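All values reported here derive from a predicted model rather than from experimental measurement.
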Amino acid sequence: MNSEEFKNQVVLITGASAGIGAAAAIAFGAGGAHVIVHYNSRRDAAAQVVKEIEAAGGSGEIVQADLSHPEGVNTLTAWLKGRDVDILVNNAGSLVRRSRVLEFTPELMEQVLYLNFTSAFFIAQAVLPGMVARKYGAIVNISSVAARNGGGLGALGYAASKAALSAMTKNMAKEFAPSGIRVNTVSPGTIDTDYHRTFSTEQMLNGVKAATPMGRLGTSEEVADAIIFLCSDGARFIQGQAIEVNGGFLMV
Ligand SMILES: NC(=O)c1ccc[n+]([C@@H]2O[C@H](COP(=O)([O-])OP(=O)(O)OC[C@H]3O[C@@H](n4cnc5c(N)ncnc54)[C@H](OP(=O)(O)O)[C@@H]3O)[C@@H](O)[C@H]2O)c1
């Protein structure tokens with residue numbers, strides 16, 4: 001990547017203390033960006049990501065917010081007031097807890113939808129006026145293969161929230177295209193991150209590898225590459241689309 005590709009641009013990445021978000025943050029840093037590294041529980045990891053952004057040639061800062069409830073999202077949107085954000089990557093997300101349909105509680109459903117979908121909407125709503133004023137901006141929403149295949153057992157809320165996020169991408173892409181803002185989705189398959197150390201068994205991951213034409217899980221850097229592309233000038237006519245990064249696991 002050109003080391004000046006994102007120079008003078010401010011990039012907000014939610015959930016950038018680990019996995020895909022951290023890899024994207026460092027990649028934007030390599031393009032000269034100033035990266036706002038949002039985290040929830042892992043402050044030290046977020047601070048380490050800022051160090052890696054700086055080593056790669058960019059700059060960064062950290063901000064904390066729990067995005068699974070309205071107060072946490074308000075904390076972040078209040079912090080964003082008066083700051084210009086050129087690129088937003090709505091990446092924070094989690095399955096929270098596997099739960100079969102008949103055991104799903106209203107509280108769990110609310111938490112999963114808020115974290116994976118509603119928070120992304122309100123964060124976008126907070127940064128869009130500035131993008132409109134500057135007639136420039138890019139938003140990438142991190143969905144999931146679960147949005148298309150319904151997710152694994154116990155992941156109904158997660159899959160539904162990711163499908164909502166994908167629909168949000170298309171709606172926002174239509175409304176803000178005339179303002180020079182591009183909105184797209186990156187939809188990862190199974191990527192080797194902490195997410196699976198929490199939510200998947202070895203047996204589940206071996207099953208995914210066996211069903212994947214490329215025969216392996218993806219890496220965070222491979223997803224970050226698709227995010228970077230969608231925010232680059234090379235994607236200037238790509239609007240409201242989803243790039244599936246899944247090694248051929250699901251072809252759409
Ligand atoms: N890994 C996969 O196979 C896969 C597949 C499809 C889609 N995705 C999506 O890709 C995105 C990144 O996943 P990942 O695999 O990189 O996960 P990860 O390594 O577990 O990282 C998740 C990130 O989200 C943040 N986060 C989690 N709960 C949060 C909360 N309540 N409030 C605010 N932030 C919260 C975490 O912050 P802290 O660590 O600081 O708490 C962390 O930075 C997610 O949206 C996920 O759904 C992942």
Side-chain angles (χ1 to χ4, degrees), residues 1-65 67 76 79-80 83-94 115-116 119-120 123-124 127 136-144 182-198 216-235 238 243-247:
M1 189 200 332
N2 172 351
S3 63
E4 306 227 315
E5 174 118 36
F6 298 105
K7 198 167 180 230
N8 298 325
Q9 298 201 33
V10 177
V11 183
L12 166 61
I13 306 180
T14 63
S17 51
I20 294 166
I26 296 161
F28 276 112
H34 178 78
V35 187
I36 300 169
V37 174
H38 158 269
Y39 70 100
N40 179 35
S41 59
R42 284 180 276 189
R43 188 179 204 285
D44 290 351
Q48 180 58 34
V49 170
V50 170
K51 283 195 186 139
E52 291 184 46
I53 290 167
E54 287 166 353
S59 58
E61 62 188 310
I62 61 173
V63 60
Q64 191 278 336
L67 302 180
L76 181 59
W79 186 88
L80 286 168
R83 286 168 196 260
D84 290 338
V85 172
D86 303 296
I87 294 171
L88 165 65
V89 182
N90 273 319
N91 168 77
S94 173
L115 173 58
N116 293 292
S119 68
I123 295 164
V127 302
Y136 176 81
I139 297 177
V140 176
N141 296 313
I142 308 304
S143 182
S144 167
R182 294 186 304 101
V183 189
N184 290 290
T185 293
V186 169
S187 183
T190 304
I191 309 302
D192 188 11
T193 68
D194 289 348
Y195 177 101
H196 293 290
R197 285 178 264 291
T198 312
R216 64 171 176 86
L217 306 185
T219 67
S220 294
E221 289 71 22
E222 286 166 337
V223 182
D225 282 347
I227 297 170
I228 291 285
F229 167 66
L230 284 174
C231 296
S232 73
D233 194 50
I238 299 181
I243 297 185
E244 310 285 329
V245 185
N246 62 32

Heavy-atom side-chain proximity of [X] to [Y] below 4.5 angstrom:
X      : Y      : value
Ile243 : Phe229 : yes
Asp86  : Tyr136 : yes
Leu12  : Ile123 : yes
Ile227 : Asn91  : no

Query - Working for side-chain contact (heavy atoms from CB on, under 4.5 Å), residues Ile228 and Phe6 - result: CA-CA 10 Å; Ile228 291 285; Phe6 298 105; 4.0 Å; yes
Report task. Give the C-alpha distance, both sets of side-chain angles, the deciding distance and a yes or no for side-chain contact (heavy atoms from CB on, under 4.5 Å) between Tyr39 and Val49. Result -> CA-CA 11 Å; Tyr39 70 100; Val49 170; over 6 Å; no
So, for [X] and [Y], which heavy atoms are closest and what is the spacing to 0.1 Å?
X      : Y      : answer
Pro188 : Ser143 : CD-O, 3.2 Å
Glu222 : Val245 : O-CG1, 4.0 Å
Ala92  : Asn116 : O-OD1, 4.4 Å
Gln64  : Asn40  : NE2-O, 3.0 Å
Ala25  : Ala16  : CB-CB, 4.4 Å
Ile62  : Ala47  : CG2-N, 4.0 Å

Report task. Dump the intermediate steps for side-chain contact (heavy atoms from CB on, under 4.5 Å) on Ile13 and Val37, then the final yes or no. Result -> CA-CA 6 Å; Ile13 306 180; Val37 174; over 6 Å; no
Looking at [atom1] of [X] and [atom2] of [Y], how far apart are the two atoms once the value is rounded to the nearest 0.5 Å?
X      : Y      : atom1 : atom2 : answer
Leu88  : His38  : CG    : NE2   : 11.5 Å
Arg216 : Asp192 : CZ    : CG    : 10.0 Å
Glu61  : Arg83  : CD    : CZ    : 4.5 Å
Ile87  : Ser232 : CD1   : OG    : 9.0 Å
Asn90  : Ile142 : CG    : CD1   : 8.5 Å
Asn184 : Ile139 : CG    : CD1   : 10.0 Å

Query raised in the report: What pairs with Thr185 under side-chain hydrogen bond (donor to acceptor under 3.5 Å, both in side chains), at least two apart in sequence or on another chain?
Result: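 Thr185 satisfies side-chain hydrogen bond (donor to acceptor under 3.5 Å, both in side chains) with Thr169 only.
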Query raised in the report: Per the side-chain contact (heavy atoms from CB on, under 4.5 Å) rule, which among Ile36, Val35, Asp84 passes with Val10?
Result: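 Only one option passes, and that is Ile36.
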Query raised in the report: For Glu5, what residues pass the salt bridge (charged side-chain N to carboxylate O under 4.0 Å, His left out) criterion, not counting sequence neighbours?
Result: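 None.
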Report task. Not counting sequence neighbours, list each pair that qualifies as a salt bridge (Lys or Arg N to Asp or Glu O under 4.0 Å) and has a residue in residues 31-57. Result ->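 Listed once each, the pairs are Arg42-Asp194.
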